[in-house]
Amino acid sequence: MPMGHTATEQAGSGGLTATEHRLANGLRVVLSEDHLTPVAAVCLWYDVGSRHEVKGRTGLAHLFEHLMFQGSAQVKGNGHFELVQGAGGSLNGTTSFERTNYFETMPTHQVELALWLEADRMGSLLTALDEESLENQRDVVKNERRQRYDNVPYGTAFERLVGMAYPEGHPYHHTPIGSMADLDAASLEDAREFFRTYYAPNNAVLAIVGDIDPEQTLAWIEKYFGTIPSHDGKRPPRDGTLPEVIGGQLREVVEEEVPARALMAAYRLPHDGTREADAADLALTVLGGGESSRLHNRLVRRDRTAVAAGFGLLRLSGAPSLGWLDVKTSGGVEVPDIEAAVDEELARFAEEGPTPEEMERAQAQLEREWLDRLATVGGRADELCRFAVLFGDPQLALTAVERVLQVTAEEVRAVAQARLRPDNRAVLVYEPLQGAEQAEAEADAVTDTDNDAAADDNDAEGESAQ
């Protein structure tokens with residue numbers, strides 16, 4: 001049996017605890033009991049994402065995530081989905097810059113099935129991986145790119161801004177979806193080598209959260225995962241170090257068939273896992289986190305120059321995090337007017353900082369988001385895996401909010417002054433093609449059916465298997 005230790009209840013954890021264990025082959029295991037409902041989540045994080053890819057083979061991590069659902073030694077074809085859903089569970093997988101994860105939420109009595117399924121594909125996927133499954137999922141991913149990026153309004157905005165904020169050759173220069181050319185270039189041997197390199201127990205963290213018997217669960221984990229050999233051939237990701245500020249404003253204007261002009265920008269912000277990153281998160285929450293934020297109040301409510309204004313943080317641990325500004329204009333408003341108002345608000349915030357009321361509201365908002373993540377067994381399992389893979393300690397997930405609540409208003413002001421500057425941003429301006437706005441207005445007047453706006457589905461956290 002694997003050995004482990006039980007975490008003591010920590011201040012700020014809300015009574016939640018987790019135990020950590022490690023198998024002889026290096027697999028890290030985190031268990032968290034919660035008998036409130038008769039369900040449990042199984043979450044498996046592999047320490048591999050798009051930052052591990054090399055030039056000419058972008059998108060391979062995401063492509064391989066799809067291949068993991070194409071069968072293994074004991075589970076043929078679409079059997080993974082069929083078995084989990086047939087047992088009353090749900091499942092999926094996602095890929096990001098820094099990790100790939102797979103997860104199931106199951107009725108308590110079906111946890112063993114989920115563990116067996118994950119172990120079977122970790123240990124035997126190569127026996128089922130062939131040209132047919134590769135071609136099938138290559139086409140699926142290419143179609144996903146068309147639907148989510150290439151053929152929707154503003155669809156390539158995130159990809160463009162990432163490419164500007166992280167220069168050519170940087171491991172975060174490309175997004176997890178990859179390029180069409182690189183997807184076409186991926187060979188079966190590329191996929192097999194990728195699996196052999198990264199899909200090993202000593203490169204993974206397995207978290208099980210919910211209505212479980214820890215002793216029985218550990219016995220199942222040892223039974224199904226314990227014989228899978230470790231692998232020591234993993235190449236570390238390339239260095240993601242960059243200057244704290246870009247050093248000059250980068251700018252691109254895109255003319256496309258979009259419903260309105262838009263101003264988007266990406267700012268380099270502190271690495272995740274630091275107090276400065278928490279301060280930056282609070283700053284962006286005050287400035288653009290919801291309808292009570294400064295930018296929404298200024299641009300949407302007061303000036304009525306925008307229909308939407310948001311500012312959020314993409315936390316990254318291996319490179320500077322990314323502050324994402326997104327403003328959609330209203331009517332015939334020009335982007336320079338919007339940009340001037342944004343800069344005015346940012347400059348005032350950098351000078352004055354947040355008010356006590358804004359600090360209290362922002363901290364409460366981030367605390368609620370943390371509670372929402374830990375309230376579900378799936379969300380808690382994912383957070384435990386995240387802190388284990390990226391920061392080496394899953395226990396940090398249970399007290400993350402305490403660190404946010406300790407940040408001061410002066411720290412928030414300081415990070416805004418240091419980072420939310422014109423010389424530290426990549427700017428993307430969308431201009432509708434000539435006549436596009438008029439044509440849309442005429443169509444709306446005739447049909448009056450445009451009540452459901454298309455959603456921009458740029459998932460900054462990653463690409464999913466379904």
Side-chain angles (χ1 to χ4, degrees), residues 1-2 21-31 40-48 61-95 99-134 136-137 140 188 191-210 212 216-231 378 381 385 464-466:
M1 283 289 295
H21 314 265
R22 189 182 292 270
L23 272 58
N25 59 10
L27 178 67
R28 297 182 66 185
V29 178
V30 185
L31 305 180
V42 173
C43 183
L44 186 60
W45 271 46
Y46 290 93
D47 187 10
V48 58
H62 179 222
L63 174 60
F64 204 88
E65 172 221 315
H66 281 255
L67 291 172
M68 284 282 278
F69 289 96
Q70 286 297 289
S72 49
Q74 307 299 322
V75 183
K76 305 303 179 185
N78 201 42
H80 197 111
F81 279 102
E82 293 169 356
L83 287 168
V84 171
Q85 292 171 343
S90 61
L91 74 162
N92 213 330
T94 69
T95 310
R99 59 96 183 108
T100 306
N101 68 344
Y102 303 89
F103 46 91
E104 297 89 4
T105 298
M106 307 289 284
T108 298
H109 66 285
Q110 296 288 1
V111 170
E112 184 182 8
L113 171 62
L115 293 171
W116 175 75
L117 286 167
E118 290 294 356
D120 194 60
R121 60 182 175 183
M122 178 191 282
S124 68
L125 186 94
L126 285 185
T127 64
L129 184 58
D130 55 23
E131 287 285 359
E132 182 180 358
S133 58
L134 176 62
N136 175 280
Q137 291 307 300
V140 168
L188 182 59
R192 287 173 172 164
E193 178 61 24
F194 194 88
F195 179 85
R196 286 190 290 262
T197 301
Y198 297 109
Y199 278 76
N202 54 318
N203 194 46
V205 172
L206 174 66
I208 302 93
V209 175
I212 60 172
Q216 178 62 77
T217 302
L218 283 171
W220 286 331
I221 293 170
E222 180 66 37
K223 176 182 179 180
Y224 297 123
F225 289 89
T227 58
I228 302 173
S230 60
H231 179 69
C385 281
S464 62
Q466 277 201 325

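Heavy-atom basis, side chains included; hydrogens, waters and symmetry copies ignored.
- In this structure, Arg121 forms no cation-pi arrangement with Phe195, as its terminal cationic atom is not both closer than 6.0 Å to the ring centre and no more than 45° off the ring axis.
- Separation of atoms CZ (Arg28) and SG (Cys385) is listed at 9.5 Å; rounding is to 0.5 Å.
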Take Thr94 and Asn101, measure what side chain to side chain donor-acceptor pair (under 3.5 Å) needs, and give me the verdict at the end. CA-CA 6 Å; Thr94 69; Asn101 68 344; 2.4 Å; yes

Criterion side chain to side chain contact (heavy atoms under 4.5 Å, CB included) on Tyr198 and Thr100, from CA distance to verdict: CA-CA 10 Å; Tyr198 297 109; Thr100 306; over 6 Å; no

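- The shortest heavy-atom contact between Ala207 and Ala381 is CB-O, 3.7 Å.
- Summarising the geometry of His231 relative to Asn202, their closest heavy-atom pair is O-ND2, 2.8 Å, with the distance given to 0.1 Å.
- Of the residues Asn136, Leu129, Val140, the one that meets the side-chain contact (heavy atoms from CB on, under 4.5 Å) test with Leu67 is Leu129.
- In summary, of the residues considered (Ile208, Val29, Ile212), a side-chain contact (heavy atoms from CB on, under 4.5 Å) with Leu218 occurs for Val29 alone.
- Taking each heavy atom of Leu126 and Arg196 in turn, the nearest pair found is CD1-CG, 3.7 Å.
- Residue Ile221 holds its CD1 atom at 13.0 Å from NZ of Lys223, rounded to the nearest 0.5 Å.
- Within the 4.5 Å cutoff, the side chain of Phe194 has no heavy atoms near those of the Leu63 side chain.
- With Asp47 contributing its side chain and Asn203 its backbone, the two residues share no donor-acceptor pair below 3.5 Å.
- Interatomic distance, CG of Leu23 versus CZ of Phe225, reported as 9.0 Å (0.5 Å rounding).
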Please determine whether side chain to side chain donor-acceptor pair (under 3.5 Å) holds for the pair Tyr224 and Glu118, giving the CA-CA distance in whole Å, both sets of side-chain angles, and the decisive distance to 0.1 Å. CA-CA 9 Å; Tyr224 297 123; Glu118 290 294 356; over 6 Å; no

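- Across all non-hydrogen atoms, the minimal contact from Pro201 to Ile228 is CG-O, 3.6 Å.
- Residue Thr217 holds its OG1 atom at 6.0 Å from CG of Leu31, rounded to the nearest 0.5 Å.
- Here the straight-line distance linking atom OG1 of Thr95 with atom NE2 of His66 works out to 7.0 Å at 0.5 Å rounding.
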Side chains of residues 74-82: which donor-acceptor partners sit under 3.5 Å, not counting sequence neighbours?
from, atom 1, to, atom 2, distance (Å)
Lys76, NZ, Ala73, O, 3.1
His80, NE2, Glu104, OE2, 3.0

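- Here the CG-CZ distance, from Leu91 to Phe103, works out to 8.0 Å after rounding to the nearest 0.5 Å.
- Contact between Thr197 and Glu193 at its shortest, heavy atoms only, is OG1-O, 2.8 Å.
- Under the 6.0 Å cut-off for aromatic ring centres, Phe64 and Tyr199 qualify, their centroids lying closer than that.
- Trp116 is not listed as a side-chain neighbour of Trp220, based on a closest heavy-atom distance of 4.5 Å or more.
- Between the side chain of Ser72 and the backbone N or O of Ser124 there is no donor-acceptor pair closer than 3.5 Å.
- When every heavy atom of Met106 is checked against every heavy atom of Ala114, the shortest pair comes out as CG-CB, 3.8 Å.
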